[in-house]
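Notes to accompany the following structure.
Keep in mind it's a predicted model, so treat the numbers as computed, not measured. So that the names make sense, note that chain A is the first sequence line, chain B the second, and so on, each numbered from 1.
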Amino acid sequence: MSSLSLFNSLNRKKETFIPLVGKRVGMYVCGVTVYDKCHVGHARVMVVFDTIYRWLSFLGFDVTYVRNFTDVDDKIIQRAALAGMSTDELTSIMIDAFHQDMDALGCLRPNLEPRATTHMSDMIRMIETLITRDFAYVSETGDVLYAVRKFADYGLLSGKNIDDLESGSRVDVDQHKRDPLDFVLWKPAKEGEPFWDSPWGKGRPGWHIECSAMSCKHLGASFDIHGGGMDLKFPHHENEIAQARAANDGLFAKYWLHNGFVNINAEKMSKSLGNFFTISEVLEKYHPEVLRMFILGTHYRSPLDFSDAALDEAETSLNRLYETKRKLSQNFANGELPAAFVQAMNDDFNTADALSVMFEVCRDLNKSLDTGADVSALAESFTAMCDMLVLVQQDANAWFQGDADDASVIEALILQRTTAKSERDFALADSIRNELLAKGIVLEDTPDGTLWKKV
RNA sequence: GGCAGGGUGGCUCAGUGGUACGGCGGAGGAUUGCAAAUCCUUUAUUCGCGAGUUCGAUUCUCGCCCCUGCCUCCA
């Protein structure tokens, strides 16, 4: 079996994956700030890392998958105030909604889903260490800031150097910062804001510190994989590295994985541009598997253009797989994954390539089905691939027929047509078929009877 | 301006130093009472443009054009 190689953002090269310790893998993925519902961009990260998680597990690694919730932040405070509820109320609503979306998309829950608000002491301790080690300072305004110039490797992940950043920086230079790039570790609470006690007074943490603190707490000062969207590379992940390595003497993350964006009209989908679709909006029109298929159809590091046409296409290609599943007379156990599939997945989780293997097996399966050959081996391998990617998990007839409340009427008409056909009354048979077609029902005659589907 | 990643058939999406995977669509055929579904054949002398290295480049190097992203919260 080929070994897993993955693209490490840290050096922009594909590397053979070797965990720090035996077969144990610690993987931390930046989750979401729970102030609003998730959009398709979030769906991509979650599906991509779910697939990575599943693949690592398949390879026999013992994975500890940690994904955080940022549940304290300016936007949360703002939204909660606007909605007239507490931040806790807002975040728990959004976390529930998030879980609903993830369950629908077939994403497994991580082993741990730590929340910032329940890790205050860990963050405070890390900030204290950073101050003690002279990587952080308290400004006149009472903010605790990280001094980026103290950390020699700052910019290593994002390939930036501090001086370039400053010349092109659009960041307002705060007087109280020693360097414009210094970022907040802890900030004093304003009137009416939620706060926690700390050695620097009542306040709350900056955004970046939570991920350093929570990842190290749950996975250790050195762990294997850290992932997230491309947009987090700088400054968030860069800052995480600066914090964790300065405070812990550890390696922090060995491999950094970043997925590409979801675009609309070749433009990044984002909250600030307002060009986003929430997952739940999309799921009103499309089955969750369609969204998953859409995401897995493109390599995770490439841009992914979102449109109804693209989702329609994903649906059509999924239909092809379901047509085959529908013709299988029984459910099959999981067989071996084809070598080509394994190779594709081992090559930096190339799901697009893996899918092409699925379609090839699908064709072979159709051929065997047509000729009446034994399909069990192919069907078992097909099933294994479907399960691996969490596609084609529905009952095939349910997939095509939906929740048809008029199923009995349709089937009665089909029965009439079958009788007409056996009496060679094709005029009647065709008129029944046309009648159904007018209702969006398409018939498919097979040796084992007539199947129908909604279009 | 700095840095990063892209430009592959009608659309979409993989990939490779030896003329290109898969899906959708188109054309023809098989099958079918007719369809539907399926299968077969076919649909890029060609992988943004120009030059270089090479026996040979779409794949490596250099230059150019175009697109996107990051440099501010962002998955």
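- Here, B:U12 and B:A30 have their C1' atoms 28 Å apart, quoted to the whole Å.
- Side-chain N/O atoms of A:N263 and base N/O atoms of B:G69 include no donor-acceptor pair closer than 3.5 Å.
- Not a single donor-acceptor pair, N or O on each side, falls under 3.5 Å between the base of B:A75 and the side chain of A:R44.
- If you check distances only, the side chain of A:K271 never reaches the base of B:C73 with a donor-acceptor pair under 3.5 Å.
- Contact between A:I295 and A:L304 at its shortest, heavy atoms only, is CA-CD2, 3.9 Å.
- Partner of A:E240 under the side chain to side chain contact (heavy atoms under 4.5 Å, CB included) criterion, chosen from A:P235, A:C30, A:C216: A:C30.
- Within the structure, a side-chain polar atom (N or O) of A:R320 is placed less than 4.0 Å from OP1 or OP2 of B:G23.
- Across B:A20 and B:A36, the matching C1' atoms stand 33 Å from one another, rounded to whole Å.
- For A:S302 and B:A14, the shortest distance from a side-chain N or O to OP1 or OP2 is below 4.0 Å.
- The base of B:G22 lies outside donor-acceptor range of the side chain of A:E360, with no N or O pair under 3.5 Å.
- Under the 3.5 Å distance criterion, the side-chain polar atoms of A:S381 are left unmatched by any main-chain donor or acceptor of A:A377.
- Under the Watson-Crick or G-U wobble criterion, with both distances below 3.5 Å, B:C13 has no partner in any strand shown.
- Put simply, the side chain of A:R363 and the base of B:C39 share no donor and acceptor less than 3.5 Å apart.
- A distance of about 47 Å separates the P atoms of B:A27 and B:G63, rounded to the whole Å.
- As rounded to whole Å, 19 Å separates atom P of B:A4 from atom NE2 of A:H237.
- Ring centers of A:H226 and A:F252: under 6.0 Å apart, within the cut-off.
- Taking 4.0 angstrom as the limit, A:N366 places a side-chain polar atom (N or O) nearer than this to OP1 or OP2 of B:C39.
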